[in-house]
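Each remark here refers to the structure printed beneath this line.
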Amino acid sequence: MKKLERSFYNRTAIEVAKGLLGKYLVHRVNGRELSGKIVETEAYMGPDDKAAHSCSNRRTKRTEVMFGPPGYAYVYLIYGMYSCMNIVASEVESPQAVLIRALEPVKGLEDMAKARYHKSLADCTKKELLGLTNGPGKLCRAMGITNRDSGEDLCRNRIFLLEGGMEPEFEMVTTTRINIDYAEEAIHFPYRFYINGNRYVSVRDRNYPFSG
DNA sequence: ATACAGATCGGT
DNA sequence: CCGATCTGTATA
């Protein structure tokens with residue numbers, strides 16, 4: 001499988017968010033390789049998007065990476081305990097990013113189970129297996145990605161993305177984003193995308209898909 | 001120096 | 001629904 005190159009990320013966050021569905025996120029750590037298929041994403045469009053950390057071009061040490069070139073990781077800590085991973089999109093000085101909201105685990109499930117539940121894969125219930133990576137905080141925990149990984153170049157070989165190869169067809173659902181109640185008109189922007197029917201799409205889906 | 005909110009999660 | 005838990009950020 002081929003690694004996604006810089007040009008893939010040099011598009012709007014909406015395009016990148018859609019394009020990332022079905023691709024593979026890979027983390028090489030401790031001599032092992034963890035990976036999962038991306039099944040759910042959200043686009044954060046920057047200056048005019050009140051849900052984005054980079055709204056109004058708000059530029060701080062934390063958000064700085066989003067103002068740089070595309071294809072880098074923006075990882076932040078939320079509620080003091082979970083990391084969320086984003087992929088910087090668009091060109092320099094256009095602070096857009098794509099939040100990875102859910103993965104279907106592919107490789108390194110044993111390590112993921114350890115990281116999430118402190119027990120081996122064999123001891124996990126069916127529910128726990130489905131809960132391994134079906135949320136932005138959960139997948140970072142499972143994949144061993146933390147805010148210290150913010151700024152990582154995804155075109156190198158520690159954390160990177162792979163093209164799917166011969167992907168089976170899937171239907172993409174477009175809907176609204178999760179947990180951005182404060183974002184005024186941006187609450188209604190259709191910036192969330194997921195693979196229809198995939199069992200690893202985050203369960204806290206209180207939104208109604210757009211028809212069309 | 002201090003205050004406070006948060007692109008979440010798991011348990012009730 | 002609620003609380004955990006702590007960093008980044010704003011304000012002074």
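Quick caveat: nothing in here was measured; it's all calculated off a predicted structure. Lettering of chains follows the sequences in order, A, B, ..., and the numbering in each one begins at 1.
- Put simply, NE2 on A:His53 is 15 Å from P on B:dA5, counting in whole angstrom units.
- Residue contacts shown for A:Gly80 include a base, since a base heavy atom lies under 4.0 Å away.
- The side chain of A:Lys138 lies closest to B:dG10, out of B:dT8, C:dC6, B:dG10.
- Among A:Leu21, A:Asn196, A:Val39, the one residue that satisfies the side chain to side chain contact (heavy atoms under 4.5 Å, CB included) test with A:Phe170 is A:Leu21.
- At whole-Å resolution of the value, NZ in A:Lys127 and P in B:dG10 are 10 Å apart.
- A donor-acceptor pair under 3.5 Å links the side-chain atoms of A:Thr63 to the main chain of A:Thr60, judged by distance alone.
- A salt bridge links A:Arg177 with A:Asp49: the distance from a Lys NZ or Arg NE/NH1/NH2 to an Asp or Glu carboxylate oxygen falls below 4.0 Å.
- Using a 4.0 Å cut-off, no side-chain N or O of A:Lys61 falls inside it from OP1 or OP2 of C:dT7.
- Salt-bridge check for A:Glu104 with A:Arg199: failed, with every basic side-chain N at 4.0 Å or more from each acidic carboxylate O.
- Pairing for C:dT11 is with B:dA1, a Watson-Crick or G-U wobble pair whose two hydrogen-bonding atom distances lie under 3.5 Å.
- Rounded to whole angstrom, the span from the CG atom of A:Leu77 across to the C1' atom of B:dG6 amounts to 10 Å.
- Under the Watson-Crick or G-U wobble criterion, with both distances below 3.5 Å, B:dT8 is paired with C:dA4.
- Counting to the nearest Å, the C1' atom of B:dA7 and the CD atom of A:Glu40 are 12 Å from each other.
- What separates CG of A:Asn134 from P of B:dC9 is a distance of 8 Å, to the nearest Å.
- Of the charged side-chain nitrogens involved, none lies within less than 4.0 Å of a carboxylate oxygen, so that A:Lys23 and A:Glu163 do not count as a salt-bridged pair.
- Taking atom CG on A:Leu132 and atom P on B:dG10, their separation rounds to 11 Å, with Å as the unit.
- Within 4.0 Å of A:Ile180, counting heavy atoms only, lie sugar-phosphate atoms of the nucleic acid but no base atom.
- Contact annotation for A:Arg116: backbone-only contact, meaning every heavy-atom pair under 4.0 Å involves sugar-phosphate atoms and none involves a base.
- Looking at heavy-atom distances under 4.0 Å, A:Asn86 makes contact with a base.
- For A:Tyr76 against B:dA7, a side-chain-to-base donor-acceptor contact under 3.5 Å is present.
- Straight-line distance from the CD1 atom of A:Ile78 to the P atom of B:dG10: 15 Å, rounded to whole Å.
- Put simply, A:Asn179 has a side-chain N or O that comes within less than 4.0 Å of OP1 or OP2 on B:dT8.
- Between A:Tyr182 and B:dA7, a side-chain N or O to OP1/OP2 separation shorter than 4.0 Å is present.
- Here A:Arg101 reaches the OP1 or OP2 of B:dT8: one of its side-chain N or O atoms lies under 4.0 Å away.
- Nearest to the side chain of A:Tyr74, among C:dT9, B:dG6, B:dA7, sits B:dA7.
- Taking the charged nitrogens against the carboxylate oxygens, A:Asp111 and A:Arg116 have no contact shorter than 4.0 Å, which rules out a salt bridge.
- Across the protein-nucleic acid pair, A:Tyr79 atom OH and C:dT7 atom C1' stand 14 Å apart, rounded to whole Å.
- In this structure, A:Arg58 does not reach the C:dT9 phosphate: none of its side-chain N or O atoms is under 4.0 Å from OP1 or OP2.
- Of the candidate nucleotides B:dA7, C:dT5, B:dC9, C:dT5 has the atom nearest to the side chain of A:Met81.
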